[in-house]
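What follows is a set of notes on a single structure, which appears directly below.
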Amino acid sequence: MIGILIACFVRYAYVEKHQLMDSFFYGRLRFSFVDRGFPEIFGYGLELAACGLFALSAWMYRSKQWYACAAILLLMFLDDAFELHETIGGAFSAASGLSPVVGDLVGFAMMGLLSAAFWIGGARLIHDEDDWLAYLVFTAYFGVLVFFGVGVDAVHGTVAKHASQTLLTLIEDGGELATIALISLSAWGMWLRQKAAVIANELPANPGLPNP
């Protein structure tokens, strides 16, 4: 699906650059990586799916640290879909009289601090070495996501006038989308592995649930 979306975006960019008005893709902005565009909507779905899988794993298999990952992904979804940090930054700028750039930085900082608080809260609930390894793997995934969403975005803004916009967008937004897909697939695989372990041990996943 990601391959199809990227191919459609590349075709859209080519059509727009060369003004091929007879093409189906001409003027179809939603094929681009913009808010409410098809790639972004697919990314929202992946974020919500991963969020749900983490929450389900935490509830069914009594691994409460995964609630932290679910909360971080929910925060990311709210930011991507509803411009949460921009809203926070705008409110701060309006109240303080400072520039929108400062407001954006404050919004980013608040999102980062809240995500860090969730992560620390989840880490404090881990008591098994295997759980620590899995938690750190997902932490690395989130780090890669931040790299594309913040680091590459900053580079994009700096060199935008001297590089291909299509290529930079593919690296930034395509990298984010691929990382979100990796997180979702890994969360799904973790849930299946835990389910298989519960069935093998013939134990209820949650005390309030019957044996599978």
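Owing to the predicted nature of the structure, the values given are computational and were not obtained by experimental measurement. Atoms considered below: every heavy atom in the structure, side chains included; atoms not considered: hydrogens, waters and symmetry mates.
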Connected via hydrophobic side-chain network under 4.5 Å: [X] and [Y]:
X: Ile72; Y: Ile120; value: yes
X: Val106; Y: Val150; value: no
X: Leu170; Y: Tyr14; value: yes
X: Phe9; Y: Met1; value: yes
X: Leu114; Y: Val146; value: no

Trp59/Lys64 under side chain to side chain contact (heavy atoms under 4.5 Å, CB included): CA gap, chis, key distance, verdict: CA-CA 7 Å; Trp59 176 65; Lys64 294 182 179 180; over 6 Å; no
Side-chain heavy atoms under 4.5 Å apart, restricted to Ile/Leu/Val/Met/Phe/Trp/Tyr: what other residues fall into the cluster of Val144, or is it alone?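 Taking Ile, Leu, Val, Met, Phe, Trp and Tyr as members, Val144 shares its hydrophobic cluster with Phe147, Phe148, Val152, Leu167, Ile171.
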Residues which pass side-chain hydrogen bond (donor to acceptor under 3.5 Å, both in side chains) with [X], listed by chain and number, not counting sequence neighbours:
X: Glu129; answer: none
X: Tyr26; answer: Gln19
X: Glu16; answer: none
X: Gln194; answer: Ser57

Gap separating the [atom1] atom of [X] from the [atom2] atom of [Y], nearest 0.5 angstrom:
X: Trp66; Y: Leu53; atom1: CH2; atom2: CG; value: 12.0 Å
X: Leu105; Y: Met110; atom1: CG; atom2: CE; value: 13.5 Å
X: Met111; Y: Ser115; atom1: CE; atom2: OG; value: 6.0 Å
X: Leu5; Y: Phe38; atom1: CG; atom2: CZ; value: 9.0 Å
X: Ser23; Y: Tyr12; atom1: OG; atom2: OH; value: 11.0 Å
X: Arg36; Y: Leu29; atom1: CZ; atom2: CG; value: 13.0 Å

So does Arg124 have more than 12 non-hydrogen atoms from other groups sitting under 6.0 Å from CZ?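 Check fails, neighbour count at 12 or below.
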Evaluate the side-chain proximity of Phe33 to Glu172: yes if any heavy-atom separation is below 4.5 Å, no if none is. no
Determine the minimum heavy-atom distance between Cys51 and Ala70, stating which atoms define it. SG-O, 3.2 Å
Distance-minimising heavy-atom pair for Gln65 and Gly122: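 Nearest pair, atom of Gln65 first, then Gly122: CB-O, 3.2 Å.
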Please enumerate all residues that pass side chain to side chain contact (heavy atoms under 4.5 Å, CB included) together with Ala13, with sequence neighbours excluded. Thr166
Let me have the donor-acceptor pairs involving side chains of residues 97-104, under 3.5 Å, with sequence neighbours excluded, atom names and distances please.
residue: Ser99; atom: OG; partner: Val102; partner atom: N; Å: 3.4

Phe25: which residues meet the ring-ring contact (aromatic ring centres under 6.0 Å, His included) condition with it, sequence neighbours left out?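 Once residues adjacent in sequence are excluded, the partners of Phe25 under the ring-ring contact (aromatic ring centres under 6.0 Å, His included) criterion are Phe31.
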Partners meeting ring-ring contact (aromatic ring centres under 6.0 Å, His included) with Tyr141 (sequence neighbours left out):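 ring-ring contact (aromatic ring centres under 6.0 Å, His included) check on Tyr141 returns Phe138.
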Please confirm whether Phe54 and Tyr67 have ring centers closer than 6.0 angstrom.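 So the answer is no for these two rings.
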Under 3.5 Å, sequence neighbours excluded: what are the donor-acceptor pairs made by side chains of residues 73-88?
residue: Asp79; atom: OD1; partner: Leu84; partner atom: N; Å: 3.4
residue: Asp79; atom: OD1; partner: His85; partner atom: N; Å: 2.8
residue: Asp79; atom: OD1; partner: His85; partner atom: ND1; Å: 2.8
residue: Asp79; atom: OD2; partner: His85; partner atom: ND1; Å: 3.3
residue: Thr87; atom: OG1; partner: Glu83; partner atom: O; Å: 2.9

List, one per line, each side-chain donor-acceptor pair under 3.5 Å for residues 174-190, sequence neighbours excluded.
residue: Thr179; atom: OG1; partner: Gly175; partner atom: O; Å: 2.7
residue: Ser184; atom: OG; partner: Leu46; partner atom: O; Å: 2.9
residue: Ser184; atom: OG; partner: Ile180; partner atom: O; Å: 2.9
residue: Ser186; atom: OG; partner: Leu182; partner atom: O; Å: 2.8

Is Arg62 reaching over with its side chain to a backbone N or O of Ala58, donor-acceptor style, under 3.5 angstrom?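 It does not hold such a pair.
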Only pairs at least two apart or in different chains count here, so list each ring pair (Phe, Tyr, Trp, His ring centres under 6.0 Å) that has a residue in residues 112-133.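 Pairs touching residues 112-133 that pass the test: Trp119-Tyr135.
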